[in-house]
Amino acid sequence: MQSWRWKSLWLALLASWLLVLLGVFPLLRLAVPTRPRAGVPQGWPHWLDAELLQSFAKPGELLEDGPQPPQALRGGSCNWGACFDTSKCRGGGLKVFVYPAAGPVSETHRRILASIEGSRYHTLSAAEACLLLLLSPDTPTGECDPVPPQWDGGRNHLVLSLHPAPCPRTFQLGQAMVAGASPTVDTFRPGFDVALPLLPEAHPLRGGVPGQLRQHSPRPGVALLALAEDRGRWHVAGTDFSACPWDGRCEQDRGPKQTHPGATLPNATFCLIPGRSPDALHFLQALQAGCIPVLLSPRWQLPFSEVIDWTKAAIVADERLPLQVLTALQEMPLTRVLALRQQTQFLWDAYFSSVEKVIHTTLEIIQDRIFGASAHPSLLWNSPPGAILALPTFSPSPSDFPFYHLQQGSRPLGRFSALIWGGAPGQPPLKLIQAVAGSQHCAQILVLWSSEKPPPTRWPKTAVPLTVIDGHRKVSDRFFPYSAISTDAILSLDAHSSLSTSEVDFAFVVWQSFPERMVGFLTWSHFWDEARGGWGYTAKRTNEFSMVLTSAAFYHRYYHTLFTHSLPKALRTLADEAPTCVDVLMNFLVASVTKLPPIKVPYGMWHQEARPPPLEPGGPGLTQEPQPAAHNCINQMAAGFGHMPLVSSRLRLDPVLFKDPVSVLRKKYRSLEKP
Amino acid sequence: MCASVKYNIRGPALIPRMKTKHRIYYITLFSIVLLGLIATGVFQFWPHSIESSSDWSVQKRSIRDVPVVRLPADSPVPERGDLSCRMHTCFDVYRCGFNPKNKIKVYIYSLKKYVDDAGVPVSSTISQEYNELLTAVSDSDYYTEDITRACLFIPSIDLLNQNALRVKETAQALAQLSRWDRGTNHLLFNMLPGGPPDYNTALDVPRDRALLAGGGFSTWTYRQGYDVSIPVYSPLSAEVELPEKGPGPRRYFLLSSQMALHPEYREELAALQARHGEAALVLDKCTNLSEGIPAARKRCHKHQVFDYPQVLQEATFCVVLRGARLGQAVLSDVLRAGCVPVIIADSYILPFSEVLDWKRASVAVPEEKMSDVYSILQSIPQRQIEEMQRQARWFWEAYFQSIKAIALATLQIINDRIYPYAAISYEDWNDPPSVKWGSVSNPLFLPLIPPQSQGFTAIVLTYDRVESLFRVITEVSKVPSLSKLLVVWNNQNKNPPEDSLWPKIRVPLKVVRTAENKLSNRFFPYDEIETEAVLAIDDDIIMLTSDELQFGYEVWREFPDRLVGYPGRLHLWDHEMNKWKYESEWTNEVSMVLTGAAFYHKYFNYLYTYKMPGDIKNWVDAHMNCEDIAMNFLVANVTGKAVIKVTPRKKFKCPECTAIDGLSLDQTHMVERSECINKFASVFGTMPLKVVEHRADPVLYKDDFPEKLKSFPNIGSL
């Protein structure tokens, strides 16, 4: 009995342990992988009968939704298609008629009108204009605008008010477009109205102050944030920044306070700008300072938002998430900070730094709407040099311009056209033509004959086609965009220029690396003349230069288009009157576009002995000092541009083995080294 | 334990006649057996229950089984849409909160079937497309199951086609959603808004503050920056195979394929065709088709029958005219065919117009100008047309071709509004992959010449050549524009010399010690670098004159986005070996400069340390070579520009190392360097180096000019 009991006891014990072992271990093994599985989101179910589901539209419903007659205007609200009559604008782009000032107006108002009248858009006749521009008066004392004569319900009118209107308008806007400073989001009609920046009282009319950015990346130790305060002031906050000063309510412990009187520019990486309308003024300051604007739920439309991609230059954040925005700013990758910073400067310089630029940008936007498919692509608006300087009439393709090869992954065309400006008596420049035609990169030679006498009938036989174009005997003709020019590169020459084939070859190869710049042989440099209190320039050989002579220079053919179609007429007339001025003007133009110096390549001194004396006094001579009239020219140009665009360079680009003590057989451009 | 305690208490009653001694045995025995049984039982049933539950949720569900919700006739109806809504007024951004991934969380309500008081369904439960859309959202990174953490809510009520639902009852169904709260943060998808006779351009269902992703918005109903304009999906996208057809001239210049056109428009089009003959083709419905052929896939002109959408591929421009609705599914077909849409629908907000640049892919013609459409199109140059054709096809591929693409683009747009600092760029949205691949966006694109006063920081990498190091320091300190000197002490076994032993120089001198002897340490973005310009210089470069260095800095100022160095090197394609070769002979070209002494922007240090592609950094540290080639690759790749070699200098000859500068060493060196170029080119996937034939010299270099009047007279040795 006892043993049976013991036996059964042990048996039961064994059996139960066996059961436990069998049960628990597999259970453990299985339980481990199932744990994460339990947390897998189940998501939207995969329906068994998904195949049987009907389409959202019945067959044919998408194709026949019931024809509808053309719609009538809705409740007076306008859009481009309905309210603007483009039929008047065909051919010749945008023609703008400006209503003359009614009654006494301020000096600024008068100058703005004058600036529009001098621009390429202006027309004198209201009948042929496609856009009628009405400039709102800026003084409260001025007459509140009466209804203009050609009003016609506001059709094809643009009411431009650079500053918030001082007096209520006496007439209905009707179908007129409104270009107003910082319009509120609710009243703004996208694609029809134009949003302008809110300009400070004393915004320069022309030229304008360049951006304040001196370096690409932020200086180490510079404050992360500056906070917009009242009356154009900034509060610079340190990097150990709490959310406290955010809403402007908490006064204690605001860190090192750097409140500047008046409208000084913020010195920080990011500039926080509240969304209320008066703070729009801070926006331009931030742009100028190269301080990345962080807009907190702006209630106003960003300026020129129709064309400018503000996500590249500013951050529009939600004011309700201060900490999140702060963290995002602190953690923003350096690459993005760099890009945003540089874009602020580019936009400031291209569209905002002067009243003239703001107005021209407005007109370009309207012109783009008229052009439709041939308007500026977004790239032209949003990368240097900007849409005012990149004329869409030149080409629809960005890779035809000298500026966008990197972004487009393209290269300038591999050959050049030589454009010889002749007209001097005597024989055709045989040696020059032969030297140029000898270049493997030469595609054609164009002789621009601008003399009273007929051109010689016999021209030397060359391997490349030679064409004679009859010029209009004006100096500025040499920069006309002749349709005969078939290559991107132009080698501009005078009949009495002297060049060797290898000089041409090397200069062209250099130009291919810098297609947006001028590459020349002879240089001038400008300087500030204290004694005369103005600019001067010299042809003396110095350690730096800022202009290259167009009597022998490579540049992109686009500059001919720009010279002829975008420069104010007054400046071109000036160049026609004083022929040396044309070199200065061309250099001003290119420098104002590129903001970079031209490039100098080596030029054999032996040319000078072979060279005839310059024909006109002050003409493009090598050692000759420019005449006083020429000094006058550079100052008039500087006034016309509103600033001095020229930039000096201290280097010359030579062939890699230039004048090195190695065998000349190694050298590709060995004839450049003739003594 | 629990069980045994129980038995202990009940013991006397259950087994009364047993002795206390045996009772303990039995109790233990039973409890153990019981435990075993329980364990076995759990093992038997638990795993099965896991599997079956997951099976049940993923599959084996039918639309017919979804729960039915009865809507009382008097249940609340939301307000009509608020036209003044903007993200910062109507959207509750707090729900999105901070999110390290900068991704919104989207919740999808579970599917229900709504019926009215009489039991009549409010709408068809769900359409195939809406089911696809919700599946796409659910499969994406945006999806969350946790309703409390969601920032955006998508109802499962199908609103894609307004004609398929009852407006008031659907609104009631929306209003009773568990988190409706006036529609805040709710996203509704609708492709066919309005209904006869007046065809509103936005969904008529009252929806209060809910965001609407709608097809066919007009300027009057679209709340800019709040709503999202989406395409009308064309089911043909999935039904029909249509291989891509490259850009180029096509048989018809202008084609109209829409069937339901207002007679007035049709007249205009007929007049157009009359004027331009073969080049224009206006198609219409086929009236005399035999049975069995789907009418949707055929178009006719007089008696000629055309296959749709194939015929679209025969045309350069395709008219997309407004019908009763502004949004037309034909737009999707047209884009797919690589035909440039000519959009004649005033006030239509094009799909995804917030981010897509439609000017690049379409031509918009005002309705009033319809008669001029042909001449407008003819003024567009052929090159631009081809660009537009390519762009049209790319838009279809990226944003139109499936419901999934439409859903994800919509969510991305909303996401970018909420996390603007992480938003994707214009180029990301608009550039086709081929353009993205070929283009370079220079990180230092602004033309800017930094002021000379800023100066540069010299970084000397050294190991233990103290004597030579001190000579370099003394030489470099003579350069006028030097503003700071940083010595990177790369020797962990030896301390740098004491402060008193260092040469006394006029600028601050800092020594940083490194944790490991790595070549990459030379390119680390040290906090001590305060200037933008950096001069990397080896501890044995004593031959460079002060003029040479100062001139190098001046050249860098004119080219701040490039590497500016002294001896130049070249890469060549070896046709025999079919690979790249490193060349240090005296050639007429350069594509690299040695960083034994080179100026560059300090941003490139950041790039080298944190953004160097692939394993290049490790390779350099492992081989203790080629860090300069890696830097040349990096800068050329990111800027798309060539290096600038300054002055005639050809090599850094150190007087001390002439003894080991033997021929054999030279050859292994060349082989190793060539290997580096091949390795880096394969990592970059391309050869970024640019070859140029120029170098920079001072303006008056070797000119016949008095030496003492030259700015940099002391330049010229090799």
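Note that these values count all heavy atoms, side chains included, but never hydrogens, waters or copies made by symmetry. A, B, ... follow the sequence lines: proteins, then strands. Residue 1 opens every chain.
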Problem set entry | salt_bridge(A:Arg219, B:Glu530) N-O dist < 4.0 Å | no
Seminar exercise, completed: Residues passing the salt bridge (charged side-chain N to carboxylate O under 4.0 Å, His left out) test with B:Glu387, sequence neighbours excluded, are B:Arg390
For this session: Salt-bridge test for A:Asp660 and B:Lys702: reply yes if a basic N is under 4.0 Å from a carboxylate O, no otherwise.
Result: no
Exercise. Taking the side chain as C-beta and beyond, is there a heavy-atom pair between B:Gln128 and A:Gln54 under 4.5 Å?
Worked result: no
Exercise. Is there a side-chain contact between A:Trp47 and B:Leu111 (heavy atoms, below 4.5 Å)?
Worked result: yes
For this session: Below 4.5 Å from any heavy atom of chain B, which atoms of A:Gln343 appear? Answer side chain, backbone, both or neither.
Result: both
For this session: Check whether any side-chain N or O of A:Gln342 sits under 3.5 Å from a backbone N or O of B:Phe445 as a donor-acceptor pair, and report yes or no.
Result: yes
Problem set entry | By side chain to side chain contact (heavy atoms under 4.5 Å, CB included) - contacts of B:Leu700 (at least two apart) | A:Arg541, A:Asn543, B:Asp703, B:Phe705, B:Lys710
Exercise. What do you reckon, is CD of B:Glu368 surrounded by more than 12 foreign heavy atoms closer than 6.0 Å?
Worked result: no
For this session: Can you tell which part of A:Val185 gets under 4.5 Å to a heavy atom of chain B, answering side chain, backbone, both or neither?
Result: both
For this session: Please state whether the side chain, the backbone, both or neither of A:Leu596 comes within less than 4.5 Å of a heavy atom of chain B.
Result: side chain
Problem set entry | Heavy-atom contact with chain B under 4.5 Å, split by part of A:Gln215 | both
Seminar exercise, completed: Under 4.5 Å to a heavy atom of chain B? For A:Phe506 that would be side chain
Exercise. Can you find a pair of side-chain heavy atoms, one from A:Leu406 and one from B:Lys641, that are under 4.5 Å apart?
Worked result: yes
Problem set entry | Segment of A:Pro602 engaging chain B (4.5 angstrom heavy-atom cut-off) | neither
